[in-house]
Each structure stands twice: as C-alpha cells, then as structure tokens.
Amino acid sequence: MRKITIAIDGYSSCGKSTLAKALAAKLGYNYVDSGAMYRVVTLYCLRQGIIKDAVFMREEVVKALDRIALSFQYNASTKASDTYLNGENVEKEIRQMEVSKNVSHISVLKEVREMMASIQREMGKDKGVVMDGRDIGTNIFPDAELKVFMTADTDIRTRRRMDELTAKGNTVTFEEVKKNLLSRDYEDSHRTENPLRKADDAVVLDNSDLSREEQLDFVLKLVYDLKLLDQEVKDPKAV
Ligand code: C5P
C-alpha cells in the first residue's frame, strides 16, 4: 500500500492535533505531536531550575539534552499516545501554562531543534504518518505529499484552549491564555531557526467556523484528490 506523509502546521491552538489525530485514525496512520517534544524539554528545564520566567543559560539547556529521553506510548483509554520523559508519563504536566509560557523560548535553540528534528524524521521515515507542528512542511518533511496550514480567529482559538485547560482542572483567565497564544505565535514566526510559516505548497485551512467533521472532510478530500492511496482509502466516504 502506498503510504503518504501528511504535515499539519499552523498557529497555536488552531486544533491541529485534534484534526491530525482524527485523520490518522481514519487512515490507519501514526500521529506524531511534535509540539509535545518541545514541551518535554521545557518541562525538564523547568523542573531542574534551568529555566525560570523565560530566563535561562543556553549552555545549560544544551547540556541537559543528553539527560532527556523522550518517548511515546499508546494509551488504550484515551486512544492516543502519551508523552514520556525519562520513563515518566508527563502528558498532563506538559500541557500546563507554565510550560506554555516558556516553550517558545526553548524552541528557538538550534541544538534543541536539531535533536527534535532527528527524532521526528526517524518517526516519519516509513511514511504513513500525520505530524503536526510549526515547521513540519517547511523543514522536517519538505517533500510531504500533503501539507496543510491551519489558522483561526484568535478569540476562537483562545476560547478553545481555555476550555481544554479548564476541563483538565487548570485555573486560567481568557486574557492570560490569549496573551500566551499571541506571544507564542510571534516568537514562533520570528525566530531564526525554522520559523513558523506556510510552506509554498501548503493548503490553508481556516477553521474558525468549521466543525471537527467539516475539517476532517476537507482534508480527506485533499487526500482523495492526490489519487495516491490504495482503493480502500480512495473514496473519502469509504475511509
Ligand atoms: O503545538 P504546541 O502548541 O504544543 O507547541 C508548543 C511549542 O513548541 C510551540 O509554541 C513552538 O514554540 C514549539 N514547536 C516548534 N516546532 C514544532 C512544534 C512546536 O517550534 N514543529
């Protein structure tokens, strides 16, 4: 069976992972959350006191990379992969605001990006993967058969992120979440190393007014239009 690589990039809290997970499940592909990897490095640095309030010494972070073992394990109850740091399940911790506030400062570092890139390329080397992030279509898999660039209205993104965080028991304000999204978007788009930008051949998906089903249908149609897959996944209605 001909498998393809699907890269989903875009702004913070656009619903990239929700769409990527649903798409991977439909196609029987692996889903890789590349942002979780940067979050793991950030969590480790926070725990070790290497970064505090976005202040850190570059050499300390670089040295710490050798002490970080990152892995993913399937969780049957959530039907998704959990993220592990040195054997500990940190899926919940990496989503906390403290990590969100610091992650874009860690992800600018070339050494961090190189380590993440090599893990990501290894995970996607056999194709049959849906990977979401900021530089997947431009840097990690520039030859991906399908690239989607997601965006949505800022207030809608803020509301979605807030709902997610409060459902997990976090106490956050709308303004705090919005400020974090905007500052991460700015940092991620203006850094020197692999900034967030739309790949020239990416299809833009603004999901401000689209339901999850509509988004999935939109991307499945793109997959179908590629005419690269085997018969059983050629018709989106049959996927
Ligand atoms: O996708 P998520 O919001 O979890 O990503 C967290 C952060 O990780 C982003 O704000 C960005 O700084 C960084 N990131 C990145 N490149 C990727 C994925 C995430 O720089 N491919």
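Owing to the predicted nature of the structure, the values given are computational and were not obtained by experimental measurement. One-based numbering, in listed order, for ligands and for the atoms of each.
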**Fill in**
Residue set satisfying side-chain contact (heavy atoms from CB on, under 4.5 Å) with Glu187, at least two apart, ordered chain then number -> Ser104, His105
**Prompt:** Do Lys101 and Glu176 have side-chain heavy atoms sitting under 4.5 Å apart?
**Reply:** yes
**Request:** Name all residues meeting the salt bridge (Lys or Arg N to Asp or Glu O under 4.0 Å) criterion together with Arg39; count only those two or more places apart in sequence or in a different chain, and write none if there are none.
**Result:** none
**Request:** Walk me through it: do Asp217 and Lys221 pass the test side-chain contact (heavy atoms from CB on, under 4.5 Å)?
**Result:** CA-CA 6 Å; Asp217 283 351; Lys221 169 85 168 54; over 6 Å; no
**Prompt:** So, do Val61 and Ile51 sit near enough that their side-chain heavy atoms are less than 4.5 Å apart?
**Reply:** no
**Request:** Under the salt bridge (Lys or Arg N to Asp or Glu O under 4.0 Å) rule, collect the residues that match up with Asp82, sequence neighbours excluded.
**Result:** none
**Protein residues having a heavy atom less than 4.0 Å from any atom of ligand 1** = Ser34, Gly35, Tyr38, Arg39, Val103, Ser104, Ser107, Arg113, Gly133, Arg134, Asp135, Ile136, Arg184, Asp188, Arg191
